[in-house]
Asks: 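Got a structure for you, questions after.
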Amino acid sequence: MKDCLFCKIIAGEIPATKMYEDADMIIIKDIDPKAKNHFLCIPKRHFKLLAEMSEDDAVLVSRCLKKIPTLEKELGLENGYRLVINQGDDAGQTVFHLHIHILSGQKMGWTPA
Ligand code: 5GP
Ligand code: ZN
């Protein structure tokens, strides 16, 4: 997808710190971490919202969800972690290519600040 930051990162046109990559997804460090560890799991096929997700996209997302816990050491998930998928304006979504935030490495509160 032209003009999509994450498609450009997937294509290698914009550099990112890669933690994992396969045919389905890329996992990179977030450039502006909101927790001690903050990664982004990005399915390689571009779509914007869960509401726009095709059956094939859903398979891709489920592969992402199954892969993440297998990377316990690499992503620092040993003591627990949080996954976040921001959807739309109220959630503060800024990149319109669906991605899963992976937050770990610290105790986390529960306030939608
Ligand atoms: P959203 O707000 O859409 O849920 O999440 C977008 C995330 O992408 C933000 O946490 C932001 O810090 C991160 N981000 C924005 N630009 C870049 C970039 O160029 N590289 C990386 N690695 N992360 C980025
Ligand atoms: Zn994209």
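Positions are given from 1 along the sequence.
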Asks: Who pairs with S54 by side-chain contact (heavy atoms from CB on, under 4.5 Å), at least two apart in sequence or on another chain?
Replies: D56, D57
Asks: With rounding to the nearest 0.5 Å, note down the distance linking CZ in F96 to CG in N86.
Replies: 10.0 Å
Asks: Please round to the nearest 0.5 Å and tell me the distance separating atom OG of S104 and atom NZ of K36.
Replies: 8.0 Å
Asks: How many angstroms lie between NZ in K2 and NE2 in H46, if you round to the nearest 0.5 Å?
Replies: 12.5 Å
Asks: List the atom of A35, the atom of Q106, and the distance in Å for their closest heavy-atom pair.
Replies: CA-OE1, 3.3 Å
Asks: Looking at Q93 and G88, would you say the former's side chain and the latter's main chain have a donor-acceptor pair under 3.5 Å?
Replies: yes
Asks: Quick one: does H101's side chain have a donor or acceptor within less than 3.5 Å of a partner on C41's backbone?
Replies: no
Asks: Report, as yes or no, whether the 6.0 Å neighbourhood of atom CG on D89 holds more than 12 heavy atoms from other residues, nucleotides or ligands.
Replies: no
Asks: Which other residues belong to the hydrophobic cluster containing L103, where Ile, Leu, Val, Met, Phe, Trp and Tyr are joined when side-chain heavy atoms lie under 4.5 Å apart, directly or via other members?
Replies: V84, M108
Asks: Of all heavy-atom pairs between I10 and P43, which one has the smallest distance, and what is that distance?
Replies: CD1-O, 3.8 Å
Asks: Within the distance-only criterion (no hydrogens, no angle test), does the side chain of T17 pair as donor or acceptor with the backbone N or O of I28 below 3.5 angstrom?
Replies: no
Asks: Which heavy atom of H97 sits nearest a heavy atom of C7, and at what distance?
Replies: ND1-SG, 3.5 Å
Asks: Identify, with sequence neighbours excluded, every residue that meets side chain to side chain donor-acceptor pair (under 3.5 Å) alongside K18.
Replies: E21
Asks: May I have all residue pairs that pass salt bridge (charged side-chain N to carboxylate O under 4.0 Å, His left out) and include part of residues 62-76, sequence neighbours excluded?
Replies: D24-R63
Asks: How far does CD1 of I26 sit from NE2 of H99, to the nearest 0.5 angstrom?
Replies: 13.5 Å
Asks: L60 and K44: which non-hydrogen atoms are nearest, and at how many Å?
Replies: CD2-N, 4.4 Å
Asks: Which Ile, Leu, Val, Met, Phe, Trp or Tyr residues join M19 in one cluster when any pair of side-chain heavy atoms under 4.5 Å counts as a link?
Replies: Y20, M25, I27, F39, F47, L50, M53, V61, L65, I68, L71, L75, L77, Y81, L83, I85, L98, I100, I102
Asks: Scan for side chain to side chain donor-acceptor pair (under 3.5 Å) pairs involving residues 25-35, sequence neighbours excluded, and state none if there are none.
Replies: D30-H38
